[in-house]
Protein chains: 2
Amino acid sequence: MDKNNTDIYVQLLKDRGLRVTPQRLQILKYLNIHKNHPDVTTIFTALRKENPALSKTTIYNTLEALAEHGLVQVLTITPTENRFDAGDRMHHHFLCKHCNKIYDIEIECPHLNRMLEGEFKVDEVHGYFKGSCPSCLKENAKNDHIQNKNIKGLKKDTSKC
Amino acid sequence: MDKNNTDIYVQLLKDRGLRVTPQRLQILKYLNIHKNHPDVTTIFTALRKENPALSKTTIYNTLEALAEHGLVQVLTITPTENRFDAGDRMHHHFLCKHCNKIYDIEIECPHLNRMLEGEFKVDEVHGYFKGSCPSCLKENAKNDHIQNKNIKGLKKDTSKC
DNA sequence: TACCTAAGTTGAAATGATTACAAATCGGGT
DNA sequence: ACCCGATTTGTAATCATTTCAACTTAGGTA
């Protein structure tokens, strides 16, 4: 699919009875091109450049609408902010607790059906792995001779890999 | 294990080189008795009754320390607040998006080892299912003839089952 | 094509969870 | 009984998200 073709996103919205607005198209297109699981502020900052009147509330409203209609997934993998993923393809995620980056993980869950058939109505399935990504492991090894950095869990780490 | 015996929690802390304080014992015991995945405010409100001088910051500090040493797990299943689970026994969770209750789910992941052996250093594994719990499904069916309640995703729902 | 109305957008203000910080207190080794 | 570094406390930030009311617009209709 041509991710730059606006017609596709128009159709996605129409198919679900959602009104087509420039903002929704903008956000939908952004998420389909940038598959790095951005948070609201990242999306906002990026899109504001093309559309200075864009409001952060619109990002929240739009993401909620898109999520309700299965066009985006809300990842609650981080302790602090929600992250977003275009589409509804089922896959898992790895969160690096150092650089806060999220990686897609392709693993199937054969026992999942047991859950889907039970007394619960399952709308979403999330597999989250958390730890250190290869890039940060390498970076960490490099710095080991300088100081043995502590690897913490709860707090947001703003350092980048 | 006798969940009311303080000695056990003293030992758990000492084993990990953590200082033993009344607050830590209080919180650790609370989590081991109340397996309903409380959030910080719930823990705080409950424990403040026994100890009126308790500070919410202490709950945050303690939970962070306990999580770092594998005595509690941080669940990022909700879009809004972190929820906590005593122990490090690996199991999954179901979040009811109506009543905000979390259920323990016992499912093993046979393909998990592939992830654990890879280039990523995996410290945590979380399986989150989200949807409607049996209790809310029943409640919802009961109210159907009155009004067809919308089932939303993103926002916090304060209604109780 | 012009119009109407419900739905969508905007920005400012409120809320709520979490963190930062500095002063007071305490655990546990000497 | 002392001491020191770790812990606790309360207050004040900070930051993500929601609320709300006024304004604008998409898209159906005359």
Side-chain angles (χ1 to χ4, degrees), chain A residues 6 9-11 13-28 38-45 47-48 50-69 74-84 100 150 152-158, chain B residues 6 9-11 13-28 38-45 47-48 50-69 74-84 100 150 152-158:
Chain A
T6 296
Y9 305 111
V10 172
Q11 201 53 50
L13 293 171
K14 282 189 175 169
D15 286 348
R16 277 148 249 256
L18 289 169
R19 278 205 184 169
V20 179
T21 70
Q23 292 87 344
R24 287 179 175 180
L25 288 175
Q26 205 187 179
I27 293 166
L28 200 42
D39 63 3
V40 168
T41 302
T42 303
I43 300 169
F44 176 65
T45 307
L47 297 187
R48 196 138 216 220
E50 327 170 356
N51 172 10
L54 183 64
S55 163
K56 198 177 252 192
T57 302
T58 298
I59 314 267
Y60 280 103
N61 291 339
T62 300
L63 288 172
E64 181 182 352
L66 297 179
E68 263 170 38
H69 290 83
V74 185
L75 307 184
T76 60
I77 194 170
T78 278
T80 42
E81 6 71 60
N82 292 324
R83 305 278 286 263
F84 296 87
N100 223 29
N150 243 37
K152 308 243 297 200
L154 265 180
K155 286 183 189 146
K156 192 194 297 214
D157 184 347
T158 51
Chain B
T6 297
Y9 305 111
V10 172
Q11 202 52 48
L13 293 171
K14 282 189 174 168
D15 287 348
R16 277 148 249 256
L18 289 170
R19 278 204 182 168
V20 179
T21 70
Q23 293 87 343
R24 285 179 177 179
L25 288 175
Q26 206 188 178
I27 293 166
L28 201 42
D39 63 3
V40 168
T41 302
T42 302
I43 300 171
F44 177 64
T45 307
L47 297 187
R48 196 136 216 223
E50 329 170 353
N51 172 9
L54 183 65
S55 164
K56 197 177 253 192
T57 303
T58 299
I59 314 266
Y60 280 102
N61 291 339
T62 301
L63 289 173
E64 181 181 352
L66 297 179
E68 264 170 35
H69 291 82
V74 185
L75 307 184
T76 60
I77 194 170
T78 276
T80 42
E81 6 72 58
N82 292 325
R83 306 279 286 263
F84 296 87
N100 224 29
N150 244 34
K152 307 245 297 201
L154 264 179
K155 288 187 188 142
K156 190 195 300 214
D157 184 347
T158 52

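Since this is a predicted model, take the numbers as computed values, not measurements. Chain letters run A, B, ... following the sequence lines, proteins first and then strands; every chain starts at 1.
Residues B:E64 and B:V74 are not in side-chain contact: their nearest non-hydrogen atoms beyond the backbone lie 4.5 Å or more apart. Contact annotation: the side chain of B:T78 approaches that of B:R83 to within less than 4.5 Å [non-hydrogen atoms, C-beta and beyond].
Nearest-nucleotide mapping onto DNA chain C: of A:R24 and B:T41, the residue sitting toward the 5' end is A:R24. Residues A:V40 and B:T62 both approach DNA chain D. Their nearest nucleotides, taken by heavy-atom distance, put B:T62 toward the 5′ side.
The side chain of B:N82 places an N or O atom within less than 4.0 Å of a non-bridging phosphate oxygen (OP1 or OP2) of C:dT18. For D:dT9, one of the phosphate oxygens OP1 or OP2 lies less than 4.0 angstrom from a side-chain nitrogen or oxygen of B:Q23. Of the side-chain N and O atoms in B:Y60, none sit less than 4.0 angstrom from OP1 or OP2 of C:dT19.
Between the CG atom in A:N51 and the CG atom in A:L47 there is a gap of 8.0 Å [rounded to 0.5 Å]. Here the straight-line distance linking atom CG of B:L13 with atom NE2 of B:H69 works out to 9.5 Å at 0.5 Å rounding. Here A:I43 contributes atom CD1 and A:F84 contributes atom CZ; the two are 6.5 Å apart, rounded to the nearest 0.5 Å. Between the CG atom in A:N82 and the OH atom in A:Y60 there is a gap of 8.0 Å [rounded to 0.5 Å].
Under the side-chain contact (heavy atoms from CB on, under 4.5 Å) criterion, B:S55 pairs with B:T57, B:T58, not counting sequence neighbours. B:T21 is linked by a side-chain contact (heavy atoms from CB on, under 4.5 Å) to B:Q23, B:R24, counting only residues two or more places apart in sequence or in another chain. Every residue two or more places apart in sequence or in another chain that forms a side-chain contact (heavy atoms from CB on, under 4.5 Å) with B:T42 is listed here: B:Y30, B:P38, B:D39.
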Give each protein N/O atom lying under 3.5 Å from an N/O atom of nucleotides 28-30 of chain C, with the pair distance.
from: C:dG28; atom 1: OP1; to: B:V20; atom 2: N; distance (Å): 2.9

Look for any protein N or O under 3.5 Å of an N or O in nucleotides 11-14 of chain C and output each such pair with its distance, or none.
from: C:dG11; atom 1: OP2; to: A:A53; atom 2: O; distance (Å): 3.2
from: C:dG11; atom 1: N7; to: A:S55; atom 2: OG; distance (Å): 3.4
from: C:dG11; atom 1: N7; to: A:T57; atom 2: OG1; distance (Å): 3.4
from: C:dG11; atom 1: O6; to: A:T57; atom 2: OG1; distance (Å): 3.4
from: C:dA12; atom 1: N6; to: A:T57; atom 2: OG1; distance (Å): 3.3

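Here the closest heavy-atom approach between residue B:R48 and residue B:L54 is recorded as NE-O, 3.1 Å.
Between the CG atom of B:L75 and the P atom of C:dT18 there is a distance of 12 Å, rounded to whole Å. Taking atom CG of residue B:L25 and atom C1' of nucleotide D:dT8, one finds them 14 Å apart after rounding to whole Å. Atom CD in A:E81 sits about 14 Å away from atom C1' in D:dT14, given to the nearest Å. Counting to the nearest Å, the C1' atom of C:dA17 and the CZ atom of B:R83 are 13 Å from each other. D:dA16 atom C1' lies 14 Å from atom CG of A:N100, rounded to whole Å. Put simply, CD1 on B:I59 is 16 Å from P on D:dT7, counting in whole angstrom units.
Taking the screw axis at each terminus of the helix from C:dT1-D:dA30 to C:dT30-D:dA1 from five consecutive base pairs, the angle between the two is 30° to within rounding of 10 degrees.
Of the residues listed (B:I27, B:L25, B:L28), the one engaging B:T62 in a side chain to side chain contact (heavy atoms under 4.5 Å, CB included) is B:I27, and it is the only one.
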